[in-house]
Amino acid sequence: MPDALLEASLVSVAYGKVRAVQEVSLRVAPGTVVSVIGANGAGKTTLLCALMGLLPCTGGVRYAGEDVRELTTERRVARGLSLVAERRELFGSMSVHDNLLLGAFHRRRDPATHADLEAVFERFPRLRERHRQQASTLSGGERQMLALGRALMARPRLLMLDEPSLGLAPLIVHEIFRIVRELKDNGVSILLVEQNARAALQIADYGYVLETGAMALEGPARELEHDPRVVETYLGLGGKEDRERRTRGHGGVDRAGS
Amino acid sequence: MSFDIALFLTQDGLTNGAIYALMALALVLVFAVTRVIFVPQGEFLAYGALTLASLEAGKLPGTIWLLLALGILAFLFDLPGLLRQRRARAALQSATWNLAVPLLIAALVYVMATEQTARPVQIALTCALVVPLGPLLYRVAYQPIADAPVLVLLIVSVALHFALSGLGLLLFGAEGVRTAPFSDASFTAGALVVSGQSLWVYACSVVLMALLYLFFDRTLYGKALRATAVNRIGARLSGISTVFAGRASFLLAASIGVFSGVLIAPITTIYYDTGFLVGLKGFVGAIIGGLISYPLAAAGALLVGLLESFASFYASAFKEVIVFTLIIPVLLWLSLRTHHDEEEE
Ligand SMILES: Nc1ncnc2c1ncn2[C@@H]1O[C@H](COP(=O)(O)OP(=O)(O)OP(=O)(O)O)[C@@H](O)[C@H]1O
Ligand SMILES: [Mg+2]
């Protein structure tokens, strides 16, 4: 087995006394897409925040052969670990252009940032059109593009995506997944957290199923897709309905898609 | 009241108001980035003025000792982390900024203080002594509790204010100082006599505000500070360190404070405890801006300056009362408005 780029071993996270993630282990091999699927409240976001250093955790987190548990979030970003958060966490009152520029803050002395900005604009022409506009005025799909673009400006080696399809119209979701595939082809490793299990497993090399804070199942994505337990809970009709309900719940009307 | 008197009061009010506006800007900046209501902001002003006065008198300013002590303290605060991480570069950095640089500044001032030096040199030395106190104070007092609730941070600020004004008494004595004006010129326009120093205050404040605007609007560091103020988590995910942002905002606040002290010292007698009242009036201005808006904060502070000036003419015994009473309707209005905002979200 090749050395993992990211390796979490027996990671636990608690909010006060509520234990949201319990002894979860996972690995991401270089150049692969790994998906974590799970229902509402399974602990997916909590896990990613812990891996990123936004939440304190117990257990081991190794990235690129280094124990990163002592490192601050900013240091992890500088080492090539990036997260597109579930809530996007954009700088609402700042321009699209500035949001992107700040994504490359840790590479501020690197003259290549201008070329990278250009590349992001190539990838997301809509962001170029709106580069002077405030981030808070963007539609849901545009926000997701901006969050993704900002993360790319950091030149991540491992990109973690927390429900990139959340609340987006199917067309945009398709676009986002196309970009994920493209990034993988460019050598970026990806840890994808999704409720949209079908799409997430289709794109992934390896998958994990998180249930109430613990890993219930793992395996190569092709096998998971056909695992009866996964099919029944996450790929069946029930899973889809649940997802639709959720999308509405988040007020996910997508102006970009219309 | 005659027109002449009104003009004079306006001029006086604007001069003080400009200084309050600078205080208000620093307060808004520090609060936006770190959530700290920086009660001791005015102390930088007093320390700046008092340090300059010492240098002018050819005396060794007491600020030297404070700078060295704070540097050592900050290094000691860094030490456990450095021992745990065993990173040579981090250790070197900490030793440089907390020990070597303060020592170098202190040595420089020690040598130059008793010499006859030109005014710009004295001002430069004053800045070199007082400005580093900002980031050092952040390191020692706020960085360890950066995630604490606003109220806890406020309590620390109040404690820090008492500590700093006590130290001010110890380091500079109880006597008030007034430094030599930048220029003795005065200009007459009709009945109005404008002193050269007032013009210096106006011009320098405007220039400083313009520089701050450019810094926040054009430079990557300025944008990074704004980003931290807008979305702390987003900033961290973009690789902007909260510690960096905190230190940078305190560096700016200290610079603004010293700058104001140097400007106002020729006009007003500054005592070791003058800073608090000046800072508080800046705070009233900042509150008028809701502690968020820079232009509103500056406008509010100018209003405070004018109000104070006119109040001192009509009822000089009550001028402070009148100024601070102003805050009540503003707070009421703000609390109503904030309530409304929350409902909208
Ligand atoms: N700030 C918090 N304080 C207390 N409990 C929390 C907090 N955030 C999340 N939780 C709890 O932790 C558990 C895991 O939440 P988490 O957000 O990680 O789930 P998730 O898998 O990302 O869900 P979703 O699909 O809805 O995004 C939930 O039971 C949730 O109620
Ligand atoms: Mg989540």
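Order of the sequence lines sets the chain letters (A, B, ...), proteins ahead of strands, with each chain counted from 1.
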Could you look at [X] and say if it's the side chain, the backbone, both or neither that has a heavy atom under 4.5 Å from chain B?
{"X": "A/R88", "value": "neither"}
{"X": "A/L90", "value": "backbone"}
{"X": "A/S93", "value": "both"}

Please round to the nearest 0.5 Å and tell me the distance separating atom CG of A/L102 and atom CG of B/N231.
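Rounded to the nearest 0.5 Å, the CG-CG separation comes to 11.5 Å.
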Taking all non-hydrogen atoms of both residues into account, name the closest pair between [X] and [Y] and its distance.
{"X": "A/V77", "Y": "B/L237", "answer": "CG2-O, 3.5 Å"}
{"X": "A/M94", "Y": "B/K223", "answer": "CE-O, 3.5 Å"}
{"X": "A/F91", "Y": "B/S238", "answer": "CZ-OG, 3.7 Å"}
{"X": "A/F105", "Y": "B/A224", "answer": "CE1-CB, 3.5 Å"}
{"X": "B/R236", "Y": "A/T73", "answer": "NH2-OG1, 3.2 Å"}

Counting heavy atoms not belonging to [X], are there more than 12 under 6.0 Å from its [atom1]?
{"X": "A/R87", "atom1": "CZ", "value": "no"}
{"X": "A/R155", "atom1": "CZ", "value": "yes"}
{"X": "A/R75", "atom1": "CZ", "value": "no"}
{"X": "B/Y213", "atom1": "OH", "value": "no"}

Part of B/A229 within contact of chain A (heavy atom distance under 4.5 Å):
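Contact with chain A: none, neither part.
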Residue part contacting chain A, namely of B/R232, when any heavy atom lies under 4.5 Å
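Neither part.
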Taking every heavy-atom pair that is under 4.5 Å apart, which of B/I240, B/V230, B/I233 has the most such pairs with chain A?
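Ranked by heavy-atom pairs under 4.5 Å with chain A, first place is B/I240.
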